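In what follows, a single structure is set out as structure tokens and then discussed.
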Amino acid sequence: VAAAQLQIDAGKGPYFYLPKMEHHLEARLWNAAFVLAQAALRIPRGTIRDCHGVPLALTDPLEAEEAAPLVRGLGGEPPVADGRRRVQPFGALTVHLLGCTQDYWSDQNTVEKKFDTHLRGYPYDERVEVVEGVRIVKPDYSGLAGPFRDRALFPAGRLGDILRKDRDVRLSLDIRIQAAAARALQNNFPECDGVRRSAGAAVVLNALTGDILACLSLPGYDPNVPPT
């Protein structure tokens, strides 16, 4: 206890050792605790943008406010971010490509998962385990321990290093072409035995460079709505 108090007085903090967790709810609790620590350090997740800089997924409230007129003009839903929850202004139009960081299970090949460490700004790893018959994700937040201890040194220290990093990811995707591809797909679904199909996928490539300009799958779901 005395050693912990010395660390706190120095503007740092005690070390916590987490023994082997035996229950999936316990794992969820500790995950929530570390997410709160990240929010307390005010480390917003980097923004994912299209090739023109249009935000496709963001967390920073100030950036969400600045992006609202542009997103509205392109037919998206003006993002309302609180600094914690991830927002995707174009919702179902891009969710299959970007993935989801909420309570949904997101494929490892989505942008959010593939560039997770870069978007966070610090090393992060996770593994899937089965506890009491329930599949849970056990995250490794050791990369956040150093910045949390250095928070009193800001803007120096490891926290300052993270916040100075460019954590954004820019894609070759063009959201205008993505929206046009979605309309073309929806307007040309075939009929089979008198029933109009409602599922399909489309990819648009730049034939000269190989860049992916659009990539979508329908139907989608809205990642901005909490799961029920």
Side-chain angles (χ1 to χ4, degrees), residues 3-49 55-64 81-88 95 97-131 134-171 223:
Q5 188 59 52
L6 289 174
Q7 291 280 62
I8 294 173
D9 293 341
K12 298 181 180 180
Y15 289 88
F16 292 97
Y17 169 71
L18 302 183
K20 183 178 179 181
M21 290 177 277
E22 300 295 341
H23 197 279
H24 71 278
L25 294 179
E26 184 183 0
R28 181 183 298 176
L29 172 64
W30 279 111
N31 180 62
F34 282 112
V35 169
L36 285 174
Q38 179 176 309
L41 291 176
R42 297 180 182 177
I43 306 176
R45 187 174 178 85
T47 298
I48 300 175
R49 306 177 184 277
L56 305 178
L58 49 83
T59 307
D60 190 339
L62 180 59
E63 186 169 14
D82 60 8
R84 295 185 182 182
R85 193 170 182 84
R86 194 68 160 166
V87 178
Q88 293 186 23
V95 67
L97 176 67
L98 300 182
C100 192
T101 61
Q102 315 297 1
D103 298 323
Y104 303 102
W105 180 260
S106 191
D107 187 274
Q108 292 292 326
N109 293 317
T110 58
V111 177
E112 291 277 17
K113 283 287 188 180
K114 205 76 172 177
F115 295 94
D116 185 58
T117 295
H118 179 85
L119 290 163
R120 289 176 182 272
Y122 57 86
Y124 173 82
D125 192 20
E126 62 185 18
R127 65 183 186 276
V128 178
E129 293 186 3
V130 177
V131 178
V134 178
R135 188 173 66 169
I136 65 169
V137 177
K138 283 193 173 182
D140 177 3
Y141 281 101
S142 58
L144 194 58
F148 193 81
R149 290 195 298 270
D150 285 357
R151 65 191 185 282
L153 302 176
F154 184 78
R158 282 165 286 188
L159 176 58
D161 293 341
I162 289 177
L163 292 177
R164 282 188 291 272
K165 284 182 181 178
D166 180 8
R167 301 184 300 282
D168 291 356
V169 170
R170 179 168 293 205
L171 308 177

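Being a predicted model, the structure only gives us computed values, none of them experimental.
Residues meeting the side-chain contact (heavy atoms from CB on, under 4.5 Å) test with Thr59, sequence neighbours left out: Arg45, Arg86. Applying the side-chain hydrogen bond (donor to acceptor under 3.5 Å, both in side chains) rule to Arg167 yields no partners; only residues at least two apart in sequence or on another chain are considered.
In terms of heavy atoms, Pro55 sits closest to Thr47 at CB-CG2, 3.9 Å. Across every non-hydrogen atom of Ile162 and Pro147, the tightest pair is CD1-CG, 3.4 Å. The minimum heavy-atom distance between Gln88 and Val95, with the atom names listed, is OE1-CA, 3.6 Å.
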Just do the side chain to side chain contact (heavy atoms under 4.5 Å, CB included) check on Leu171 and Ile48 with the steps written out, would you?
CA-CA 7 Å; Leu171 308 177; Ile48 300 175; 3.8 Å; yes
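Residue Arg49 is tested with Leu56, Leu58, Asp168 for a side chain to side chain contact (heavy atoms under 4.5 Å, CB included); the sole match is Asp168.
A 6.0 Å sphere centred on NZ of Lys165 holds more than 12 heavy atoms belonging to other residues, nucleotides or ligands.
A distance of 9.0 Å separates CZ of Arg164 from CG of Leu159, quoted to the nearest 0.5 Å. Separation of atoms CG (Leu97) and CG (Asn109) is listed at 11.0 Å; rounding is to 0.5 Å.
A side-chain donor-acceptor contact under 3.5 Å links Asp150 to the backbone of Arg158.
For the pair Leu163/Phe154, a side-chain contact is recorded, criterion being any heavy-atom separation below 4.5 Å from C-beta on.
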